A.B. asks: 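One structure, as structure tokens, below. Some questions next.
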2 protein chains.
Amino acid sequence: MQLSRKADYALRAVAYISQLKKGDLASIGRIAKARGIPREFLAKILKELTRAGVLVSFQGVTGGYRLSRLPKEITFLDVIEVMEGPVRINLCVDDRHCACTNEKSCEIRPFFVKQQEQIIRAFKRQNFGAFAHNKISKLA
Amino acid sequence: MQLSRKADYALRAVAYISQLKKGDLASIGRIAKARGIPREFLAKILKELTRAGVLVSFQGVTGGYRLSRLPKEITFLDVIEVMEGPVRINLCVDDRHCACTNEKSCEIRPFFVKQQEQIIRAFKRQNFGAFAHNKISKLA
DNA sequence: TCTTAATAGATTATAAAAATCTATATTTTA
DNA sequence: TAAAATATAGATTTTTATAATCTATTAAGA
Ligand code: SF4
Ligand code: SF4
């Protein structure tokens with residue numbers, strides 16, 4: 001019932017990158033240091049975000065990462081789903097078949113279906129526009 | 001980001017017990033069979049719920065469990081917290097001190113504080129009155 | 001006193017999360 | 001063109017949490 005550290009790190013890294021000036025890049029090392037995230041773990045995270053199309057990367061001495069689109073066009077849900085896969089608040093609550101065989105008659109399932117909709121809506125509503133360079137004074 | 005099986009089992013067990021007629025008891029074996037929950041695991045769960053004051057138990061041949069109070073007076077939150085401890089949607093989001101040192105300046109924390117309030121409110125609102133004997137035709 | 005319950009608590013097994021490691025590819029610049 | 005700094009790929013390891021089971025004991029009714 002708790003967000004993984006991986007997703008938490010990812011959200012903070014993307015928030016950091018959102019604050020870059022247009023055209024700027026941030027390297028793994030810089031982000032890791034600024035946000036206190038284990039460097040190698042962050043490398044893995046940014047790699048996955050890049051592969052998923054959330055970030056764009058550049059290799060070489062002046063390399064690093066930037067967003068693939070505007071901050072306001074990237075949602076918390078986008079980032080969380082790259083890290084954890086589809087959000088499922090309880091085992092059964094998605095469209096796929098699951099191990100539990102009670103799905104049809106289950107008393108408590110409808111409650112979780114509803115709560116899942118709520119939380120997904122909230123994750124979708126929250127985007128990184130709130131952290132963009134013009135919204136926050138300076139990078140730490 | 002997913003409810004534990006333990007909590008899911010617990011909710012279904014309490015829902016089952018909520019459907020008993022006044023004065024009736026249900027044994028571990030009966031509930032486990034009816035709901036497809038591993039018997040020994042359920043024994044542990046019901047033990048904990050009893051110790052926490054959600055259920056009342058009776059030993060001996062005619063023993064079993066009943067609710068400690070009216071179904072509508074037991075919430076999903078009550079049961080979930082006995083199983084998993086305090087609900088925390090992300091590491092930092094509670095009153096205690098946590099490992100992450102970013103708490104004060106963290107950009108994303110306020111979002112999770114808010115979402116946590118939402119989900120806790122929903123867990124508190126949902127009670128077992130909805131499953132009481134007079135609401136549902138018969139026990140399966 | 002036998003049987004069928006719950007209780008207590010330790011233990012094991014499995015899986016997921018978190019982190020790290022090794023090696024390679026790419027780009028800049030001295 | 002060699003060195004340095006960067007990202008990429010993927011495997012591996014470590015750690016922790018979840019899930020489940022086991023052993024022994026206590027309690028009460030028939
Ligand atoms: S018991 Fe109900 S809520 Fe739980 S996993 Fe199965 S269908 Fe879903
Ligand atoms: S980084 Fe922010 S949201 Fe994440 S655990 Fe730390 S304070 Fe909480």
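All values derive from a computational prediction rather than experimental measurement. Labels below follow one simple rule: chain letters A, B, ... track the order of the sequence lines, proteins then strands, and each chain is numbered from 1.
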A.B. asks: Tell me whether the side-chain N/O atoms of Tyr65(B) come closer than 4.0 Å to OP1 or OP2 in dT7(C).
C.D. replies: yes
A.B. asks: Distance check needed: dA17(C) P versus Lys6(A) NZ, whole Å only.
C.D. replies: 9 Å
A.B. asks: Among the nucleotides dA18(C), dA28(D), dA20(D), which one has an atom lying closest to any side-chain atom of Ser4(A)?
C.D. replies: dA18(C)
A.B. asks: Measure the distance from CE on Met1(B) to P on dA17(C) and round it to the nearest whole Å.
C.D. replies: 12 Å
A.B. asks: Return the orientation label for the Phe41(A) and Tyr9(A) ring planes: parallel under 30°, perpendicular over 60°, tilted otherwise.
C.D. replies: perpendicular
A.B. asks: Can you tell me how far P of dA5(D) sits from CD of Gln59(A), to the nearest Å?
C.D. replies: 16 Å
A.B. asks: Distance alone, cut at 3.5 Å: any donor-acceptor contact between the side chains of Gln126(B) and Gln115(A)?
C.D. replies: no
A.B. asks: Does the pair Tyr65(B) and Phe58(B) meet the rule for a ring pair (Phe, Tyr, Trp, His ring centres under 6.0 Å), with working shown?
C.D. replies: CA-CA 6 Å; Tyr65(B) 296 88; Phe58(B) 298 88; 8.9 Å; no
A.B. asks: Please round to 10 degrees the angle between the axis of the first five pairs and the axis of the last five pairs in the helix from dT1(C)-dA30(D) to dA30(C)-dT1(D).
C.D. replies: 0°
A.B. asks: Of all the nucleotides listed (dA5(D), dA7(D), dA19(D)), which has the minimum atom distance to the side chain of Arg5(B)?
C.D. replies: dA19(D)
A.B. asks: Heavy-atom contacts under 4.0 Å between residues 38-55 of chain A and DNA chain D, which residues?
C.D. replies: Lys47(A), Arg51(A)
A.B. asks: Once you round it to whole Å, what is the distance between C1' of dA17(D) and CG of Asp8(B)?
C.D. replies: 17 Å
A.B. asks: Can you see if the side chain of Ser57(A) gets near the phosphate of dT8(D) - specifically, an N or O under 4.0 Å from OP1 or OP2?
C.D. replies: yes
A.B. asks: What does Gly29(A) touch in the nucleic acid at a heavy-atom separation under 4.0 angstrom: a base, only the sugar-phosphate, or nothing?
C.D. replies: nothing
